[in-house]
Chemist: 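Quick one: the structure is below, questions incoming.
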Amino acid sequence: NAGVTQTPKFRVLKTGQSMTLLCAQDMNHEYMYWYRQDPGMGLRLIHYSVGEGTTAKGEVPDGYNVSRLKKQNFLLGLESAAPSQTSVYFCASSFGPDTQYFGPGTRLTVL
Amino acid sequence: EDQVTQSPEALRLQEGESSSLNCSYTVSGLRGLFWYRQDPGKGPEFLFTLYSAGEEKEKERLKATLTKKESFLHITAPKPEDSATYLCAVPLGTYKYIFGTGTRLKVLA
């Protein structure tokens, strides 16, 4: 039982490049979330999903897109990376609007 | 404005020196308050959920309490392995959570 896993763990991009972050959970959770964590700021919600095939915007969605084609996977895409997107990205999942279980994070640097 | 504030920002304790971390919130209609522990380079790990004022929960050396305006995480006789950042979070509506910026705890042997 791996819980929530994230791929990759680290990535360095140049401004304008694109990439996709993958989140997978094996707990059969309906809800999945993408957060970013920056120094001096709390975790901020980027996008979330309440079930397979559904997505919704969170607090800071600009510059990101997501997809939830399978219940166990939640993808976060950066179409044209900017230095302001340098951050640590966390995926989380939950059965419902309750306790969230987090992945180990992806550290992204945009040069 | 909905807000979650944690204090202190950082705390250094000697091993065995008990203390408390604070999480104050200004959210109408509280639907729970969550405490997480985050180790460097890792994701937050769930500790407790509190739902109503007066509720308390314990786990090893940690005890979380809740009032109508704040929550405390009491650490009794801490050990170096308790060193971590402790986060609190409050749900806003069904899907959005406000996280505090955390308290960085360092316990010295």
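Naming convention: chains lettered A, B, ... in sequence-line order (proteins, then strands); numbering from 1 in each chain.
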Chemist: So for B:Tyr51, is it side chain, backbone, both, or neither that comes closer than 4.5 Å to the heavy atoms of chain A?
Modeler: side chain
Chemist: Taking atom CZ of A:Phe90 and atom CD of B:Gln38, what is their separation to the nearest 0.5 Å?
Modeler: 4.5 Å
Chemist: First locate atom CG of B:Leu92, then atom CG of A:Leu45, and finally report the distance between them rounded to the nearest 0.5 Å.
Modeler: 10.5 Å
Chemist: I need the A:Lys57 NZ to B:Lys96 NZ distance, nearest 0.5 Å.
Modeler: 14.0 Å
Chemist: With respect to chain B, which residue among A:Thr99, A:Val50, A:Val4 yields the maximal number of heavy-atom pairs within a distance under 4.5 Å?
Modeler: A:Thr99
Chemist: So what's closer than 4.5 Å to chain A heavy atoms on B:Leu87: side chain, backbone, both or neither?
Modeler: side chain
Chemist: Crowded around B:Arg61 CZ? As in, over 12 foreign heavy atoms under 6.0 Å?
Modeler: yes
Chemist: Taking CZ in A:Arg107 as the centre, count heavy atoms belonging to other residues, nucleotides or ligands within less than 6.0 Å. Is the count above 12?
Modeler: no
Chemist: Hey, does the side chain of B:Tyr36 reach the backbone of A:Gln100 with a donor-acceptor pair shorter than 3.5 angstrom?
Modeler: yes
Chemist: In terms of heavy-atom proximity below 4.5 Å to chain A, should B:Pro44 be classed as side chain, backbone, both, or neither?
Modeler: both
Chemist: Using the rule that Ile, Leu, Val, Met, Phe, Trp and Tyr join whenever any side-chain heavy atoms are under 4.5 Å apart, tell me whether A:Tyr48 and A:Ile46 fall into a single cluster.
Modeler: no
Chemist: Evaluate whether atom NZ of B:Lys42 has more than 12 neighbouring non-hydrogen atoms of other residues, nucleotides or ligands under 6.0 angstrom away.
Modeler: no
Chemist: Tell me whether A:Leu108 is reachable from A:Leu22 by hopping between hydrophobic residues (I, L, V, M, F, W, Y) whose side-chain heavy atoms are closer than 4.5 Å.
Modeler: no
Chemist: Verify the ring-centre separation between B:Phe46 and A:Phe102: is it less than 6.0 angstrom?
Modeler: no
Chemist: How about CD on B:Glu9, more than 12 heavy atoms from neighbouring residues, nucleotides or ligands closer than 6.0 Å, or not?
Modeler: no
Chemist: Flag yes if more than 12 heavy atoms outside B:Lys57 fall under 6.0 Å of its NZ atom; otherwise flag no.
Modeler: yes
Chemist: Does the side chain of B:Tyr97 reach to within under 4.5 Å of the side chain of A:Leu43, using non-hydrogen atoms?
Modeler: no
